[in-house]
Number of protein chains: 2
Amino acid sequence: MPDYALPDSVPPGSTAERILDAAEDLFAERGYSATSLGDVADRVGIRSPSLYNHFRNKEALYRAVMERLVMAFSGPITELRAGPITQDRVLEWLETIVRQHHANPNLARLLQHAALSGGPATGELIEQLFRPMFDSSRPFEDEPGPVLGDAGLQPWAVMAFNNLVMSYITMAPMYRDLLGQDPFSESALEQQLKLVKTLLQAVFEYRGHTMLS
Amino acid sequence: MPDYALPDSVPPGSTAERILDAAEDLFAERGYSATSLGDVADRVGIRSPSLYNHFRNKEALYRAVMERLVMAFSGPITELRAGPITQDRVLEWLETIVRQHHANPNLARLLQHAALSGGPATGELIEQLFRPMFDSSRPFEDEPGPVLGDAGLQPWAVMAFNNLVMSYITMAPMYRDLLGQDPFSESALEQQLKLVKTLLQAVFEYRGHTMLS
DNA sequence: ACAGGGGACTAATAGGCATTAGTATACCCT
DNA sequence: AGGGTATACTAATGCCTATTAGTCCCCTGT
């Protein structure tokens, strides 16, 4: 009975991994406190006390779920943060994030729950995922336009685009009927990518006054 | 003991209203199932069985909370939906929504919980709040640019801007430290308004290719 | 003055929760 | 072959949950 389960200490197909899979889905859907270990166990096909052979308690399971998600997410992202900042690289970064969240929507959902209700390790989450986005607010190599060029506005723009991508995931169920297609289909992904990249392009090329003194 | 409590049947300052206030905050923060009636009662300063003198059960309380929120929100919005659609009117509409959510963040939070986890009356919520946004996808009177002019892209843009506004509210706690100021302060509201209006303006003025075939 | 009711209370219920203890089985290493 | 470890189980704990029943009190209308 390990105190915690590092992602790589969990062999694929093992019970521990199946627990993580089930718990990830349930935590992402319902949040920390609304998820019961009984439901997790049911989904795995075992009894809830058996979970304790793999995780110390509910909180340890939750933290293991988050750690695995953050690991899988930040791998491809951190590579992109090295090197110069240009319009093309920011577009690339945006597309990567969109595709990542689309491939596994659970991180976005879990983050949203954490933002609304707190829960264990919320502070660590912020530091690991959001701090880097703001620390990399270095100046552009090429011309970013008045919005992203304004050092006071840039963090807000970073936040806005991140929110845009994440809320597409977390709000998707609300729009399913309205859009007339599954928001997680391939074609919806392409549509969302098109929109979000066009939006960023529009910001790059925008030369107007910034709307307010 | 009324079966339900219409907002106007709840006199200001009454116990029923104080219950609604407390329940609204708690449901918005924790979601439906993670909110206990005991906590609601504690906040009001009564015992939890006394809640049943005012609401039939937990679900009725939740529905009353939502109804009150939706009422307060959609009043000022529906006025704006009549009349012609122009760039200026859409900007006005956007600003109104931003200010509404800022004035009471609980609707956005509750909607986000509902989108993630479901809960009672989620279907009705979609119909009341989101359907109108998409049905009013009438053509522009003046030139909206290729993004909002594209009938296929327009619903996506509506969704995107709505998400942008809502996720500012629901994700705010995550950014509190990063932005260095209270996201619900007056100055933060102005900053957010500036950004979101600039973004819309950029979309209006954007004349580029739409990024993809 | 007094009846009645609204709205608070306490006590009790039945179920769900995370968690612990103790037990049994099945596999691996010696 | 046989001991140990891993991992499943059942049973039991104490707490929290929504909800009901029954009681009491105070305010209002007659």
Side-chain angles (χ1 to χ4, degrees), chain A residues 1-6 8-27 29-66 113 117-121, chain B residues 1-6 8-27 29-66 113 117-121:
Chain A
M1 57 189 85
D3 261 23
Y4 57 91
L6 286 174
D8 36 35
S9 75
V10 176
S14 67
T15 305
E17 197 189 37
R18 282 165 48 229
I19 293 172
L20 282 173
D21 291 342
E24 181 185 305
D25 284 345
L26 287 171
F27 281 137
E29 181 184 327
R30 310 178 187 178
Y32 179 72
S33 44
T35 299
S36 87
L37 294 185
D39 290 342
V40 175
D42 280 353
R43 209 172 265 218
V44 179
I46 60 178
R47 306 288 179 179
S48 69
S50 303
L51 297 176
Y52 290 80
N53 288 323
H54 303 273
F55 299 93
R56 203 169 77 274
N57 54 26
K58 186 180 180 181
E59 182 172 334
L61 173 57
Y62 178 76
R63 297 184 109 103
V65 163
M66 288 221 302
H113 276 296
S117 320
Chain B
M1 58 191 86
D3 261 23
Y4 57 92
L6 287 172
D8 36 37
S9 75
V10 176
S14 68
T15 306
E17 197 190 37
R18 283 164 48 228
I19 293 172
L20 282 174
D21 291 341
E24 183 185 304
D25 284 344
L26 287 170
F27 282 136
E29 182 184 327
R30 311 179 186 176
Y32 179 72
S33 44
T35 298
S36 87
L37 294 185
D39 290 341
V40 174
D42 280 353
R43 210 172 264 220
V44 178
I46 61 178
R47 306 289 178 177
S48 69
S50 304
L51 297 176
Y52 289 81
N53 289 322
H54 304 273
F55 299 93
R56 204 170 74 272
N57 54 26
K58 186 180 179 181
E59 181 172 334
L61 173 57
Y62 178 76
R63 296 184 110 103
V65 163
M66 289 220 304
H113 276 296
S117 319

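Just so it is clear: chains get the letters A, B, ... in the order the sequence lines come, proteins before strands, and each one is counted from 1.
- A cation-pi contact links A:Lys58 to A:Tyr32, judged by a cut-off of 6.0 Å to the six-membered ring centre and 45° from its axis.
- For A:Tyr52 and D:dT13, the OH to C1' distance is 13 Å, given to the nearest whole Å.
- Tested against A:Ile19, the residues A:Glu24, A:Arg43, A:His54 include a single side-chain contact (heavy atoms from CB on, under 4.5 Å) partner, A:His54.
- The nearest whole Å value for the distance from the CZ atom in B:Arg18 to the P atom in C:dG7 is 12 Å.
- At whole-Å resolution of the value, CG in A:Leu61 and P in C:dA18 are 11 Å apart.
- For C:dC9, the OP1/OP2 oxygens have a side-chain nitrogen or oxygen of B:Ser50 closer than 4.0 Å.
- Side chain of A:Ser48 to backbone of A:Leu37: no donor-acceptor contact under 3.5 angstrom is found.
- In this structure, the nucleotide among C:dC9, C:dA18, D:dT10 sitting nearest to the side chain of A:Arg47 is D:dT10.
- Contacts of A:Ser14 with the nucleic acid, taken as non-hydrogen atoms under 4.0 Å apart, are absent.
- Here the side chains of A:Asp25 and A:Asp21 are not in contact, with every heavy-atom distance at 4.5 Å or above.
- At C:dC17, one or more side-chain N or O atoms of A:Ser36 fall inside 4.0 Å of OP1 or OP2 (strictly under the cut-off).
- Judged by atom type and distance alone, A:Asn53 does not reach the base of D:dA6 through any side-chain donor-acceptor pair under 3.5 Å.
- Contact between the side-chain N/O atoms of B:Thr15 and the OP1/OP2 oxygens of C:dA8 is found at a separation under 4.0 Å.
- Between A:Asn57 and A:Leu51, the closest side-chain pair of non-hydrogen atoms is not below 4.5 Å.
- Note: CG (A:Leu37) to P (C:dC17) measures 9 Å, nearest angstrom.
- Remark: C1' of C:dA8 and CG of B:Leu51 are 11 Å apart, rounded to the nearest angstrom.
- Rounded to a whole Å, the CG atom of B:Asn57 is 20 Å from the P atom of C:dA14.
- To the nearest angstrom, C1' of D:dT7 lies 19 Å from CZ of A:Arg56.
- If you measure from atom CG of B:Leu26 to atom P of D:dA18, you get 11 Å, rounded to the nearest angstrom.
- The shortest distance between the side-chain N/O atoms of A:His54 and the OP1/OP2 oxygens of D:dA8 is below 4.0 Å.
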